[in-house]
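Take a look at the structure set out below.
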Amino acid sequence: MARKPRDYSWPPAPDALPGTITDNHTHLESLGDVLRDGVELPSITQVIEQAASVGVTRMIQVGCDLDSARATVKMIAEHPALAGAIAIHPNEAPLHARTADVGPDELEPRYEARHGVPLDEALAEIEALARAHSKVRAIGETGLDLFRSGPRGFATQKESFRAHIALAKELGLALQIHDREAHQEVMDILLADGAPEKTVFHCFSGDKAMALKAAEQGWYLSFAGPLTFGSNSDLREALAVTPASHYMVETDAPYLTPHPYRGRPNAPYLIPVTVAGIAQVRGISLEQVCAEVSATTRAVYGDW
Ligand SMILES: [Zn+2]
């Protein structure tokens, strides 16, 4: 008997939220990267309208390489729903510095034209873009990635992370952190250098103990689709102990599609699936999740 072919189409729209909410972290310029043949690539306007139709009225658009940071400042100028976060991603920094090595993921470094720009110049451009565009509200995603890096690249990641921390503080912007298999190292650097006042762990992947440490420091935790995966009880325990004023929600679209749509493309209109997971873990209504996340988003990024 023939097996049913896997479905790579866009998941159906969930029921609209009973309030409005912001997607704390999405990569709208990358939606086309995950689409299989024959799956339609919507325009940015269509993505934003579809999100708004289920209550996702605002998004933080994240551009974390030179090309996408440039695209981000244009996109946020054109679309009222968007504010921006820009940075040189921890897996980009070693490519600029020519120190990229093969990490536990066993992927060879892939150099693109933009990596011809030395790291210090790339960081200078991020600073200039952030200064020039008032809708850039965060520096990120920056941080550490021990999955994608060996020791040489990791040293560059640390250097780059510290430069981003300093920049966020100097500009008075929030910091969005990428932490992959580097919890202790990320926290050590934040504590040693002094974390920006608004420090947000994007796609938080720690456990309850780490969430409690973050709460002590006043750091914010943003939960993505993996919260809804059956095996991730650690994440749900972390969310359960996070203060009501310090959690957010994100898609990290087009990646990390929530259950039951894993393997299919992700976009901000799917955030209600993760919001439902949050409501269940915290034992509160969808209305309350929307209200709490909206207040937190405003506290961290301001209005736009
Ligand atoms: Zn991301």
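Atoms within a ligand are numbered from 1 in the order they appear, just like the ligands themselves. Along the sequence shown, residues carry numbers from 1. Note that this is a predicted model, so its numbers are computed, not measured.
- Relative ring orientation between Tyr220 and His246 is described as parallel, the plane-to-plane angle staying below 30° on a 0-90° scale split at 30° and 60°.
- The local environment of CZ in Arg162 is sparse, with at most 12 non-hydrogen atoms from other residues, nucleotides or ligands closer than 6.0 Å.
- Classification of Arg110 and Glu108 as a salt-bridged pair fails, no side-chain N sitting under 4.0 Å from a carboxylate O.
- A salt bridge is absent between Arg70 and Glu29; no separation between the charged side-chain nitrogens and carboxylate oxygens falls under 4.0 Å.
- If you check the side chains of Asn266 and Thr251, you find no donor sitting under 3.5 Å from an acceptor.
- The aromatic rings of His25 and His202 sit parallel, their planes meeting at an angle under 30°, below the 60° perpendicular limit.
- Around the Zn ion (ligand 1), protein N, O or S atoms at less than 2.8 Å number 4.
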